[in-house]
J.: 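Below is one structure. I have some questions about it.
We use all heavy atoms of the structure for the numbers below, so side chains are in, but hydrogens, waters and symmetry mates are not. Order of the sequence lines sets the chain letters (A, B, ...), proteins ahead of strands, with each chain counted from 1.
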Amino acid sequence: MNYWLMKSEPDVFSWDDLESKKIASWDGVRNYQARNFMRDQFRMGDRVLFYHSSCEEPGIVGIAKVVREAYPDPTALDSASEYFDPASAKAGQSRWLMVDVAPVKKFRQLAHLSEIRETRSLQSMLLLRKGQRLSIQPVTQDEFKTIESIWG
DNA sequence: GCCAACGTTGGC
DNA sequence: GCCAACGTTGGC
């Protein structure tokens, strides 16, 4: 099983939105590295740390899981979507992919970015690396277990 | 293939 | 709102 961290702006799509939807398509990913993680490494049952970004309390809210592996993101072909991608439309095929995720468990407490930063055993997380903006990041099993045991 | 310009991310 | 860091675009 693989472990991931996925960022979402809560104003756009929050943990609560995921809980009410039960299953959500992770659409709108427009970065090749992130897409390639989904295409090449995301497998059914992989665990996901759901991270709220660009908000008052940035941090990990809970754990989700992958319930459908990568498939074409149709918003790339939808000219009415904010994720519309002219190059995909021109090619008649979406060059972007998405996965479906479902909630597993909300953390007792938000794993706040500042707290993660203060946790010695989490210093090597990609999340803490300067300039790291990738919206989908691999997480090691150790990192995942540590986070779950502290805040989960 | 280079690289300047531009756009985006995301914490603060 | 600021701005550092990074990715993408497009002219050459």
Side-chain angles (χ1 to χ4, degrees), chain A residues 2-21 24-42 46-66 69-101 103-140 142-144 146-148 150-152:
Chain A
N2 302 312
Y3 300 95
W4 306 98
L5 179 144
M6 296 171 87
K7 298 179 185 172
S8 183
E9 298 182 23
D11 291 347
V12 178
F13 188 79
S14 69
W15 172 269
D16 288 345
D17 293 330
L18 178 62
E19 281 198 338
S20 61
K21 286 193 75 171
S25 307
W26 204 274
D27 59 12
V29 173
R30 298 291 180 268
N31 171 283
Y32 285 109
Q33 212 180 333
R35 181 202 68 179
N36 294 347
F37 279 136
M38 292 195 285
R39 183 189 63 193
D40 304 332
Q41 297 186 47
F42 268 59
D46 281 2
R47 291 307 196 249
V48 173
L49 298 172
F50 193 115
Y51 182 88
H52 279 174
S53 65
S54 292
C55 58
E56 281 199 9
E57 304 284 352
I60 300 162
V61 193
I63 296 170
K65 66 181 174 184
V66 176
E69 295 180 7
Y71 62 107
D73 178 349
T75 63
L77 302 176
D78 176 5
S79 61
S81 168
E82 59 178 317
Y83 303 127
F84 178 62
D85 172 34
S88 292
K90 196 173 175 191
Q93 183 180 335
S94 178
R95 60 174 164 166
W96 301 111
L97 300 172
M98 61 189 187
V99 296
D100 288 356
V101 300
V104 173
K105 128 178 131 175
K106 185 172 185 174
F107 283 175
R108 288 176 295 103
Q109 253 183 305
L110 174 80
H112 199 286
L113 178 61
S114 62
E115 297 170 332
I116 295 170
R117 194 165 271 143
E118 288 164 5
T119 304
R120 191 177 295 267
S121 55
L122 297 176
Q123 290 309 301
S124 56
M125 283 191 76
L126 284 179
L127 182 68
L128 303 183
R129 200 162 294 177
K130 193 176 180 183
Q132 180 54 67
R133 301 176 307 168
L134 201 56
S135 65
I136 296 179
Q137 307 178 356
V139 171
T140 68
D142 280 352
E143 290 162 352
F144 186 92
T146 298
I147 288 165
E148 188 179 15
I150 297 175
W151 294 280

J.: Nearest to the side chain of A:Arg117 - B:dG11, C:dG7, C:dA4?
T.: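 Between B:dG11, C:dG7, C:dA4, the one nearest the side chain of A:Arg117 would be B:dG11.
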J.: Rounded to the nearest angstrom, tell me the gap between atom CD in A:Glu9 and atom C1' in B:dT9.
T.: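 My rounded result for the distance is 8 Å.
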J.: Between B:dG10, C:dG7, C:dA4, which nucleotide has the shortest distance from any of its atoms to the side chain of A:Lys7?
T.: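 For the A:Lys7 side chain, the nearest candidate turns out to be B:dG10.
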J.: Classify the nucleic acid contact of A:Arg129 as base, sugar-phosphate or nothing, counting any heavy atom under 4.0 Å across all strands shown.
T.: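 Result for A:Arg129 = nothing.
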J.: In whole Å, what is the span from the CG atom of A:Asp11 to the P atom of B:dT9?
T.: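 Taking atom P of B:dT9 as the reference, CG of A:Asp11 is at 14 Å.
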J.: Tell me: CG of A:Leu127 to C1' of C:dC6, nearest whole Å?
T.: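 Computing the A:Leu127:CG to C:dC6:C1' distance gives 16 Å.
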J.: Could you tell me which non-hydrogen atom of A:Val104 sits nearest to which non-hydrogen atom of A:Trp15, and how far apart they are?
T.: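 Looking at all heavy atoms of both residues, the closest pair is N-CH2, 4.1 Å.
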J.: Starting at atom CZ of A:Arg30, determine the distance to atom P of C:dT9, rounded to an integer number of angstrom.
T.: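 Going from CZ in A:Arg30 over to P in C:dT9 covers 12 Å.
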J.: Looking at A:Asp85 and A:Arg30, is there a salt bridge between them, counting it only when a charged N and a carboxylate O are closer than 4.0 Å?
T.: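 Salt bridge between A:Arg30 and A:Asp85, a charged N being under 4.0 Å from a carboxylate O: no.
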J.: Can you check whether A:Tyr51 has a side-chain N or O nearer than 4.0 Å to OP1 or OP2 of B:dG11?
T.: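 Yes, such a contact exists.
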J.: Quickly work out the A:Leu134 CG to C:dT8 P distance and round it to whole Å.
T.: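 After rounding, the reported distance stands at 10 Å.
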J.: Please find the pair of heavy atoms, one from A:Thr75 and one from A:Ser81, that lie closest to each other, and give the distance.
T.: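 A:Thr75 and A:Ser81 have their closest heavy atoms at CB-OG, 3.5 Å.
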J.: What distance separates A:Asp27 CG from A:Asp100 CG, expressed to the nearest 0.5 Å?
T.: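 Separation between the atoms: 9.5 Å.
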J.: For the residue pair A:Phe13 and A:Phe50, does the interplanar ring angle fall in the parallel (under 30°), tilted (30 to 60°) or perpendicular (over 60°) class?
T.: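 Rings of A:Phe13 and A:Phe50: tilted, 30 to 60°.
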J.: Looking only at side-chain atoms of A:Arg133, point me to the closest of C:dG7, C:dA4, B:dG11.
T.: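 Closest nucleotide among those given: C:dG7.
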J.: A:Arg95 side chain: which of C:dT9, C:dA4, C:dG7 is closest?
T.: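 Shortest atom-to-atom distance from the side chain points to C:dT9.
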J.: Please report, rounded to the nearest Å, how far the C1' atom of B:dG7 is from the CG atom of A:Asn31.
T.: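 In whole Å, B:dG7 C1' lies 13 Å from A:Asn31 CG.
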J.: Rounding to an integer number of Å, can you tell me how far A:Tyr83 OH sits from B:dT9 C1'?
T.: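 Interatomic distance, OH of A:Tyr83 to C1' of B:dT9: 13 Å.
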J.: Starting from P on B:dG10, measure out to CG on A:Leu128 and report it in whole angstrom.
T.: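 Rounded to whole Å, this separation is 14 Å.
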